[in-house]
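The structure appears right after this line, and notes come after that.
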Amino acid sequence: MTIDPRYEPASVEPRQFQRWIDADAFSADPNSGKPPFVIPLPPPNITGELHMGHALNGTVQDTLIRLRGMQGHETLWICGTDHAGIATQNVIEKQLRAQGLTRHDLGREAFVEKVWEWRRQYGATIIQQFKRLGSSLDYGNERFTMDPEYVAAVAEVFVSLYEKGYMYRDNRIVNWCPSCSSAISDLEVRYEHAADALYHVRYPIKDSTELLTVATVRPETILADTAVAVHPADDRYRHLVGRTVIVPIVDREVPIIADEYVRTDFGTGVLKITPGHDPNDFEIGRRHELEELTVIGFDGRMNDQAGEFAGLPAAAARQQVVDRLFSLGLLKGEDPYEHEVGHCDRSGDRIEPLISLQWFCDMQELAKPAIEAVESGRVTFHPRSQENTFFHWMRQIRPWCVSRQLWWGHQLPVWYCADGHVTVERSQPAACAECGTAQLERDPDVLDTWFSSGLWPFATLGWPEQTERLAAFYPANVLSTDRGIINLWVARMMMLGQEFAGQMPFSDVLIHATVQAPDGRRMSKSLGTGINPLDLVDRHGADATRYGLLKMASTQDVRFSEGSIDEGARLANKLWNASRFVLMQAGEAAAPAPSTADPVDRWILSRLSGASADVLRLLDAYDFSGAVKELYSFVWNDFCDWYVEAAKARLYGEDADARQAVSQTLLWVLERMLALMHPVMPFVTEELWSHLPGDRELLVLSPM
RNA sequence: GGGCGGUUAGCUCAGCUGGGAGAGCACCUGCCUUACAAGCAGGGGGUCGCGUGUUCGAGCCACGCACCGCCCACCA
């Protein structure tokens, strides 16, 4: 037998992967009787390309799946992708724009068909990329959040939530993204530092020569002011409560009201109230039954109510309003002002708080069992400290705005008749639930993409049908993800899983590290700081990449170091050559057996069992970095540097019995070592396993 | 504003319930020793972010500060 003196990943990886596929090694049998072990892959967006986060998370999950499989579990790693509503629609709209078109030129049906076409062509790219890492996903049961069965599951959940009274429609102020032309949820708003100005504006008091000065960063919304507020206990202004001021420029008479919300120590202690364009003012407005005026439209431009400013983008209107205030002598001054401003997580556009009619889901009741599950330890986060993030959000959870003004996604299962009656059904209703008319129009909106991904652990198994797979593989065991979507996704899966599948969807939430760029900045395409994990696989091999990622990802944030990947490559090569040496000595010997005659043999056997125990213990504790270091030290230092070197004397000696004994022990330790290494380095170990003497099953299917 | 994590050798990081400062890479010296030069043997290199405190003793515990990264947050 000849084996290359150097491990060449590129020539081994495709071949070994194909063997796993041919042996159907990644599918799960619901009737095997073995204890299940299930991980739902966080479904990547169909628009996504494999990035470092995917690669790390994929490696973590694959290591666990392979480990548990070898330990005798029936393992299932749920595979699939997310339709990613806004993200995907934006990609297609961008393509259209390049051709000078908008989605409205195509119309809804043609546009959605175009997205499907795109999805058929490119939507599986990232799943193919996961294969390069050796991921043992259940490819045969790949799911998509827009599969027909999944669509039915989403409708079932929506209708059921509606029937239980959680889902309602309301006219409220929402986070509006002008460039997406849609509302988004609170969690999709990203706050960014902005250097604006704080303007001090004088409002004349009616029947008085007095002026009241307010401070605002958004003078353009003055046009929609419907009150001015002071704190009820503020002696400076107490006498003015109940009087009237004249809103500058529009000369509207509005009341001076008192509200606890106003801070006496900010600005002048007088707050202008614009219920139509500020979430706080909206709440105050509702408390005081103020009129809700709108001067900024859904396109982010001033609307007809804005008079002379109509048609201007809000930002441009701001400057013109300021100029007018100045010329009216009502601008008292302006100060530089730095604050946090909401931006759309998807488009990056500045959020415009606007009042609109949307569907909301009341989350408070749904949150309770999820909070309790974490408090009681039935669901545990690793590391534990991440539970703070979860509790903080869940204990003060607010209604979830679930409707999106998009075309790509799960259209709401809601119909309206001409009289405005609402009919919520699992499938197209024949008649209005209230008046019976057959003239119904479906709500054009679609659901927040996180609504459907919230059903992932059970909708992928056939729910609401009571399938064998659902019975066998729900709930899952581990959910591994980035800490950025603990609330966005993990918490929602927990709430919906409990409500609809009757149990928490998993018991262990793994929050893996975030890999930063080598300079400590965020790794991102837009910053140009991204490192493509597939390049690493090309250059160092998949096993090396996996090893390196596990090695470096020990704390919450970690800087990328190619040195760790390189260490993995060297370890793979070391394993390769150690095996080569052992196999050359072993020849075509029979099944290996350890010998305990020599103290050196006893030493390595003892080290092997010690290292095995350590590695398994560390992996059980999700300490991948520690496990990988232990593996390295055993393979390199104990086995190669000490045992193999010590074994040479006997191997090359005159004593035939000693030669036999040491060669047997070498082979035996090698075999166990390959098995122990397999979850981390599946390719090189599987290849070497195939060179071991005797008929043997694939390593991935062999017991640990 | 609140929370989480980090700050240890030139670089990336380990250091568990307080008592030896460590690994890999890089560097230096000597070896192409017949599994591997992606190798072997050996070596230099750190007031463990700053300050105070607890202790016989602190990288490790407490409090405070600084800087970096991230999450959450309805103060114009």
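Scope of the values below: all heavy atoms of this structure, side chains included, with no hydrogens, waters or symmetry mates. Throughout, protein chains are lettered first and strands after them, A, B, ... in sequence-line order, and every chain is numbered starting at 1. No experiment lies behind these values; they were computed from the predicted model shown.
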Closer to the 5' end of RNA chain B via nearest nucleotide, is it A/K272 or A/T514?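 With A/K272 and A/T514 compared, the 5'-side residue is A/T514.
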Of A/Q396 and A/G269, the one whose closest RNA chain B nucleotide lies more 5':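 On the 5' side of the pair lies A/Q396.
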Quote, to the nearest angstrom, the [atom1] distance that separates [N] from [M].
{"N": "B/G69", "M": "B/U33", "atom1": "P", "value": "50 Å"}
{"N": "B/C27", "M": "B/G44", "atom1": "C1'", "value": "9 Å"}
{"N": "B/C13", "M": "B/C56", "atom1": "P", "value": "37 Å"}
{"N": "B/A23", "M": "B/G46", "atom1": "P", "value": "14 Å"}
{"N": "B/U7", "M": "B/U54", "atom1": "C1'", "value": "23 Å"}
{"N": "B/G49", "M": "B/G42", "atom1": "P", "value": "31 Å"}
{"N": "B/G45", "M": "B/C40", "atom1": "P", "value": "24 Å"}
{"N": "B/U8", "M": "B/C71", "atom1": "P", "value": "23 Å"}

On the 0 to 90° scale, with breaks at 30° and 60°, tag the A/Y622-A/F624 ring pair as parallel, tilted or perpendicular.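 Rings of A/Y622 and A/F624: tilted, as their planes differ by 30° to 60°.
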Relative to each other, are the rings of A/Y337 and A/F266 parallel, tilted or perpendicular (30° and 60° limits)?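 Aromatic pair A/Y337/A/F266 classed perpendicular.
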Do A/K272 and A/T221 meet the criterion of a side-chain donor-acceptor pair at a distance under 3.5 Å?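 There is such a pair between these side chains.
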Any side-chain donor near an acceptor of the partner, A/Y643 and A/D601, under 3.5 Å: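 There is such a pair (donor and acceptor under 3.5 Å, judged by atom type) between the side chains of A/Y643 and A/D601.
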Sequence neighbours left out, what pairs pass ring-ring contact (aromatic ring centres under 6.0 Å, His included) with at least one residue falling in residues 539-558 of chain A?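 Of all non-adjacent pairs touching residues 539-558 of chain A, none passes ring-ring contact (aromatic ring centres under 6.0 Å, His included).
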Nearest-Å distance, [atom1] ([X]) to [atom2] ([N])?
{"X": "A/H339", "N": "B/C74", "atom1": "NE2", "atom2": "P", "answer": "15 Å"}
{"X": "A/W576", "N": "B/G39", "atom1": "CH2", "atom2": "C1'", "answer": "17 Å"}
{"X": "A/F266", "N": "B/G1", "atom1": "CZ", "atom2": "P", "answer": "14 Å"}
{"X": "A/Y191", "N": "B/C70", "atom1": "OH", "atom2": "P", "answer": "18 Å"}
{"X": "A/R286", "N": "B/C74", "atom1": "CZ", "atom2": "C1'", "answer": "15 Å"}
{"X": "A/I173", "N": "B/A76", "atom1": "CD1", "atom2": "C1'", "answer": "14 Å"}
{"X": "A/I284", "N": "B/C75", "atom1": "CD1", "atom2": "C1'", "answer": "10 Å"}
{"X": "A/I222", "N": "B/A76", "atom1": "CD1", "atom2": "P", "answer": "16 Å"}

Residues which pass side-chain contact (heavy atoms from CB on, under 4.5 Å) with A/K648, listed by chain and number, not counting sequence neighbours: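 side-chain contact (heavy atoms from CB on, under 4.5 Å) check on A/K648 returns A/F581, A/V644, A/E645, A/Y652.
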With a 4.5 Å limit on heavy-atom distance, are the side chains of [X] and [Y] in contact?
{"X": "A/V635", "Y": "A/M681", "value": "no"}
{"X": "A/Y237", "Y": "A/I256", "value": "no"}
{"X": "A/L666", "Y": "A/L651", "value": "yes"}

Identify whether NZ of Lys or CZ of Arg in A/R492 sits under 6.0 Å from the centre of the six-membered ring of A/W400 and within 45° of that ring's axis.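 Positive - A/R492 is close enough to the ring of A/W400 and near enough to its axis.
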Pick out which of A/V321, A/V201, A/L331 makes a side-chain contact (heavy atoms from CB on, under 4.5 Å) with A/P248.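 In the set A/V321, A/V201, A/L331, the residue that makes a side-chain contact (heavy atoms from CB on, under 4.5 Å) with A/P248 is A/V201.
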With pairs defined as Watson-Crick or G-U wobble and both distances under 3.5 angstrom, please note down RNA chain B as a dot-bracket string, | for pairing with another strand. (((((((..((((.....[..)))).(((((.......))))).....(((((..]....))))))))))))....
What contact category does [X] fall into here, base, sugar-phosphate, or nothing, at under 4.0 angstrom with non-hydrogen atoms?
{"X": "A/E340", "result": "base"}
{"X": "A/Y261", "result": "base"}
{"X": "A/L187", "result": "sugar-phosphate"}

Output one letter per nucleotide in nucleotides 25-38 of chain B: B when a protein non-hydrogen atom lies under 4.0 Å from the base, S when only the sugar-phosphate is that close, - when neither is. S---------BB-B
What string of B, S and - do you get for nucleotides 2-16 of chain B, 5' to 3', when a contact is any protein heavy atom under 4.0 Å? -SBS------SSS--
Listing request: all salt bridge (Lys or Arg N to Asp or Glu O under 4.0 Å) pairs with a residue in residues 680-692 of chain A, at least two apart in sequence or in separate chains.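 Only A/R15-A/E687 qualify under salt bridge (Lys or Arg N to Asp or Glu O under 4.0 Å).
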Below 4.0 angstrom, N of the basic side chain to O of the carboxylate: do A/R263 and A/D265 qualify?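 Yes, charged N to carboxylate O under 4.0 Å.
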